[in-house]
Amino acid sequence: MEIHLQMLQSQIDYTTGFYSGTSRDSFSRIHGLMIQAEQEAYDHFMGLSYLLPAQAEALLRLADMERRHRKNLEACGRHLHLTPNLEFAESFFADLRQAFQEAATNNRIATCLLIHVLGIECLLLAVHENYIPVADHFSRKVTESIVDDKYSHFNFCEGWLKAHFREVKNELKLANRQVLPIICRLLDRIQLDGPVIGISEQSLVEDFTIEYDRALSNIGFDSCEILRMLSHALIVNQVDSSYNDYRLFFKTSVET
Ligand code: FE2
C-alpha cells in the first residue's frame, strides 16, 4: 500500500499542472468542501448537545474534534498556497444543512443523527479515502488522522441509533428517503471535480456505498432493507427532471 502511494505521488507534480489553472479551481472546491464538512459536523454536534443534554459532554468533545479537523485541513491548504472555495462549499451543503435544521427544530433526533452519519461521515470518508492516494505528504498525514477519528463519530451516532432502533426505524426510513437523493447529488457534484485532481469517480461511489451499507447494518437494518433504501435515491433522482438540469449546470460550470 505504502509503495503504491509513493508510486502514485511520484507521478504528481504538486507545483505545476496539478494545482494550476482549472485543476486548481477544482482542487480549491474539493479542499473547500472538506473544510466546510468539518464545520457542518461541528454544528451538528453542537446542535445535538442541546437535543441530548444527558450526552452533552461527549457531544461537545466530538464537536471540539471537528473544530480541530477544520484547523488541520486549513493548514493543508496553506501548505500548498491554496485558497479553499468556501463560498462553493457553503452552497454545496445548503440542502443538507436545511434538512438537519428542520429535523433539529422538530426534535427528530434520529433524523439528525442519520443526516450526520450519511451526509457527513460516510460521504466524507469516501472523499478522504480517495484523496489520500493523490495528496501531498503533509495533507496525507492530516487526512489519515481525520479518517482514524471518524470511527469515534460513527460510534456515537450509530450507537445511539442502534440502542433506539425499534422506536426510530420508521423515522430513519423516512429520513433516508429525504436525504439520500440529496447526498447522491453531492456525490455527483464531487465526481465532476474529483477526477481533475486524480480522484477516481468509480471508487468514490463504491466507497460511499460500502460505508452506507456498513452504517445502516450497524444500526440494525438487514441487507434487503438497505438495498430497498439505497434504490430509492436512484429512482427519485431519475424521475426528478431538475436533477438533470442540475448536473448539466455544474458540468458546464466546470468545463468553462
Ligand atoms: Fe471531522
Side-chain angles (χ1 to χ4, degrees), residues 27-52 55-80 82 84-86 88-90 92-97 99-101 103-104 109 112-136 138-161 179 182-183 186-187 189-190 193-194 199 204 207-208 210-212 214-215 218-219:
F27 191 48
S28 71
R29 283 191 287 267
I30 297 279
H31 181 48
L33 75 86
M34 286 198 279
I35 289 174
Q36 185 62 29
E38 302 299 341
Q39 183 62 46
E40 302 291 328
Y42 172 86
D43 293 345
H44 288 175
F45 285 126
M46 292 302 283
L48 284 162
S49 72
Y50 290 102
L51 296 173
L52 293 166
Q55 278 114 316
E57 209 181 313
L59 286 158
L60 292 176
R61 257 201 312 277
L62 292 173
D64 196 47
M65 197 185 276
E66 303 292 16
R67 191 184 51 75
R68 258 196 332 274
H69 289 166
R70 178 183 174 135
K71 292 241 166 289
N72 293 344
L73 285 171
E74 285 169 343
C76 295
R78 283 196 298 278
H79 185 70
L80 294 166
L82 181 82
N85 189 338
L86 293 175
F88 160 79
E90 277 187 34
F92 179 86
F93 284 109
D95 289 345
L96 211 58
R97 190 181 313 124
F100 185 93
Q101 284 167 356
I109 296 167
C112 289
L113 288 168
L114 192 79
I115 290 171
H116 181 77
V117 167
L118 302 183
I120 300 293
E121 303 298 349
C122 291
L123 181 69
L124 267 296
L125 191 53
V127 172
H128 289 151
E129 282 181 341
N130 285 282
Y131 174 60
I132 286 169
V134 297
D136 62 289
F138 182 76
S139 303
R140 175 156 70 95
K141 291 287 166 207
V142 167
T143 313
E144 281 172 345
S145 78
I146 289 175
V147 168
D148 288 343
D149 285 345
K150 281 227 172 293
Y151 289 98
S152 55
H153 305 168
F154 273 128
N155 289 347
F156 180 91
C157 301
E158 291 171 4
W160 192 95
L161 291 171
V179 298
I182 298 173
I183 296 166
L186 301 186
L187 202 52
R189 178 64 190 89
I190 298 168
D193 281 318
I199 289 177
L204 256 178
D207 288 348
F208 173 76
I210 289 166
E211 288 305 322
Y212 177 86
R214 187 200 54 74
N218 277 355
I219 291 166

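Start at 1 and go down the list; that is how both ligands and their atoms are numbered. Since the structure is predicted, the reported quantities are computational estimates derived from the model, not experimental observations.
When distances from the Fe ion (ligand 1) to the N, O or S atoms of Glu38 are compared, OE1 comes out shortest. Within Glu66, the N/O/S atom positioned nearest the Fe ion (ligand 1) carries the name OE1. Atom ND1 is the N/O/S atom of His69 found closest to the Fe ion (ligand 1).
A salt bridge between Glu129 and Lys150 is absent, with no side-chain N of the basic residue lying under 4.0 Å from a carboxylate O of the acidic one. A salt bridge links Glu144 to Arg140: at least one charged side-chain nitrogen sits closer than 4.0 Å to a carboxylate oxygen. The pair Arg68-Asp64 meets the salt-bridge criterion, with a side-chain N (NZ, NE, NH1 or NH2) lying under 4.0 Å from an Asp/Glu carboxylate O.
With sequence neighbours excluded, the residues satisfying side-chain hydrogen bond (donor to acceptor under 3.5 Å, both in side chains) with His44 are His116.
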